[in-house]
Amino acid sequence: MVVRCSAVSETVTTAPAPAPPPRERGLTRRTWTLIVSFLVVAALGLLGGFARVPYVALGPGPTYDVLGKVKDADVISVEGQNTFPTNGTLRMTTVSLTDDMSLFGALGLWLSGRYALAPREEFFKPGESEEEVQRNNELAFSESQTSAEVAALDYLGYPGKVIANQVTKGSPAENVIPLGARIISVNGKQVQSSADVSAALENTKPGDRIEVAFEKDGTSKSTQLTLGTRDDGRPAGFIGISPVDRADVPFKIKISLSDVGGPSAGLIFALAIVDKLTPGELNGGKAIAGTGEITGDGTVKPIGGIAFKMVAAKEAGATAFLVPSANCTDAKQQAPEGLTLIKVENLKDAVSSLEALNKGEPTPGC
């Protein structure tokens, strides 16, 4: 007998396998882009904020009314001589120079439209410190005051004199002509200006014997010198003094102005001296400004930064601006609206132009 057995079917429930731990995901491309961009911006910020650029920024500087006062002191005073009242303003103008700038600082000044950038090497010689530049500018400013005094007093008819401002070491004049001595004559020719010294040596040569007369501390002397050789290659003989013009007057002119450098205030200083020593108001009570280096004979020489000086003058309320003739082309192209330009060749031109302006007459323009 066959016994048929039935298969028993059984359902078995199997437990699920444990899930694997979650896989760490890396930074997305977008995140990396943001990080890199941030680092680049931060680096540029540090570079722009701290990296120095080899440029200086030039812009309008302060102006000074030389007929007025600074820190309760007259800018120009005359001791031992009667002076006349003045009116209006006569402003010398300056250019500001900003050095040691960051990239962002330089860019900001340039974008303001009031400043221009220039290579630092144009103002600072290689290896020259800011202190040395400052000393040179102060020396030029001091010399401009002396030249202004000489030019103004010469214009007014006062006598002048020539002194030995420097004596070259190892030259024929060393230990013979004292520093500060007044030069009376050279090679038999009377000396009235520093240019007369060079003219007296025009036809000499090294080895020639000449006579030089001078005065020191009230004592007059005359000495024979054997001329030396010049360093500049010129054939004329060499004495070894640096002659400069000085006013020969019994009164003292003092200019009290600090923290200013350069020679370009000479013309304005000379005009102020003329104004104080003559009756009437040279500027007619108007607001006048200007610039220009001046020599002892009254010649007005060109200067730099004319555009910035005109802006400063206009902002200070000036209605007319005295411009050295050699600066006229640039001045005409960049003059602020409403500022009358007056071209000057020398101190005499400047005085006559101001007198004409005072009378309402035409003045030479650029």
Side-chain angles (χ1 to χ4, degrees), residues 56-77 86-98 109 112-116 123 134 137-138 140-142 144-145 147-148 152 254-276 281-294 300-324 327-328 330-332 334-344 347 350-351 353-354 357-358 363 366:
V56 297
L58 305 174
T63 67
Y64 301 90
D65 177 18
V66 298
L67 298 178
K69 296 177 180 291
V70 171
K71 297 179 180 179
D72 297 325
D74 289 335
V75 175
I76 297 179
S77 58
T86 60
N87 200 359
T89 57
L90 186 59
R91 291 189 175 276
M92 57 165 282
T93 52
T94 67
V95 174
S96 69
L97 186 150
T98 305
L109 290 176
S112 72
R114 287 177 59 84
Y115 293 84
F123 299 88
Q134 180 68 19
N137 283 335
E138 289 174 352
F141 187 64
S142 176
S144 77
Q145 297 176 28
S147 295
K254 182 180 180 181
I255 300 178
S256 303
L257 199 59
S258 58
D259 301 325
V260 181
S264 63
L267 169 63
I268 300 302
F269 284 148
L271 287 169
I273 294 170
V274 171
D275 199 6
K276 284 178 174 283
E281 299 168 355
L282 186 59
N283 60 3
K286 296 180 175 62
I288 307 297
T291 187
E293 183 179 351
I294 200 166
V300 177
K301 300 171 67 176
I303 50 79
I306 188 73
F308 305 116
K309 293 181 177 182
M310 291 188 299
V311 169
K314 178 65 176 177
E315 291 178 349
T319 57
F321 192 90
L322 299 169
V323 182
N327 289 119
C328 258
D330 290 338
K332 186 176 181 180
Q334 304 174 77
E337 186 176 353
L339 188 66
T340 300
L341 304 185
I342 301 176
K343 180 175 69 174
V344 294
L347 179 58
V351 172
S353 292
L354 289 181
L357 188 68
N358 190 10
T363 57
C366 288

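Side-chain atoms are counted along with the backbone in the values below, which use heavy atoms only and exclude waters and symmetry mates.
- Under the rule for a salt bridge (charged side-chain N to carboxylate O under 4.0 Å, His left out), D330 has no partner lying at least two apart in sequence or in another chain.
- Considering only residues two or more places apart in sequence or on other chains, K332 meets the salt bridge (charged side-chain N to carboxylate O under 4.0 Å, His left out) condition with none of them.
- For the pair T98/V56, no side-chain contact is recorded, criterion being any heavy-atom separation below 4.5 Å from C-beta on.
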When the side chains of residues 283-291 are checked against the rest of the protein, which donor-acceptor pairs come out under 3.5 Å, sequence neighbours left out?
unit_1 : atom_1 : unit_2 : atom_2 : d
N283   : OD1    : G285   : N      : 3.0
N283   : ND2    : N87    : O      : 3.0
N283   : ND2    : T89    : O      : 3.2
N283   : ND2    : K286   : O      : 3.3
T291   : OG1    : S264   : O      : 3.4
T291   : OG1    : K309   : NZ     : 3.2

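- Heavy-atom minimum distance, G261 versus F141: CA-CB, 4.0 Å.
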Could you walk me through whether L322 and L271 pass the side-chain contact (heavy atoms from CB on, under 4.5 Å) check? CA-CA 11 Å; L322 299 169; L271 287 169; 3.3 Å; yes
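- Salt-bridge annotation for D74 and K69: present, with a side-chain N of the basic residue lying under 4.0 Å from a carboxylate O of the acidic one.
- Within the 4.5 Å cutoff, the side chain of Q145 has no heavy atoms near those of the S147 side chain.
- Between Y64 and F269, the ring center distance fails the sub-6.0 Å criterion.
- For A335, the side-chain contact (heavy atoms from CB on, under 4.5 Å) criterion is met by M310, L341, not counting sequence neighbours.
- Under the side chain to side chain donor-acceptor pair (under 3.5 Å) criterion, the residue pairs touching residues 310-321 are R114-E315, with sequence neighbours excluded.
- Looking at every heavy atom in both residues, V311 comes nearest to P60 through CG1-CG, 3.8 Å.
- From I273, atom CD1 reaches atom OG of S77 across 10.0 Å, with rounding to the nearest 0.5 Å.
- In this structure, the separation between CG on N137 and OG on S144 is 11.0 Å, given to the nearest 0.5 Å.
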Determine, stepwise, if the pair S96 / F308 fulfils side-chain contact (heavy atoms from CB on, under 4.5 Å). CA-CA 9 Å; S96 69; F308 305 116; over 6 Å; no
Let's go through V344 and V323 carefully: what are the C-alpha distance in whole Å and the side-chain angles of both, what is the deciding distance for side-chain contact (heavy atoms from CB on, under 4.5 Å) to 0.1 Å, and is it a yes or a no? CA-CA 6 Å; V344 294; V323 182; 6.0 Å; no
Passes side-chain contact (heavy atoms from CB on, under 4.5 Å), T63 versus T94? Steps please. CA-CA 6 Å; T63 67; T94 67; over 6 Å; no
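- Counting all heavy atoms, side chain and backbone alike, A312 lies closest to G61 at CB-O, 3.4 Å.
- By the side-chain contact (heavy atoms from CB on, under 4.5 Å) test, T86 pairs with L67, D275, K276, sequence neighbours left out.
- Looking at heavy atoms from C-beta onward, D65 lies out of side-chain contact with V75 at the 4.5 angstrom threshold.
- With rounding to the nearest 0.5 Å, the separation of CD1 in I342 from CZ in F321 is 10.5 Å.
- Residues A313 and T93 come closest through the heavy atom pair CB-CG2, 4.0 Å.
- You'll find the side chain of V351 reaches within 4.5 Å of the side chain of L282, heavy atoms only.
- Put simply, CD1 on I303 and CG on L267 are 10.5 Å apart, with the number rounded to the nearest 0.5 Å.
- L347 approaches A270 most closely through the heavy-atom pair CD1-CB, 3.9 Å.
- Side-chain contact between V260 and M92: present, with at least one pair of heavy atoms (C-beta onward) separated by less than 4.5 Å.
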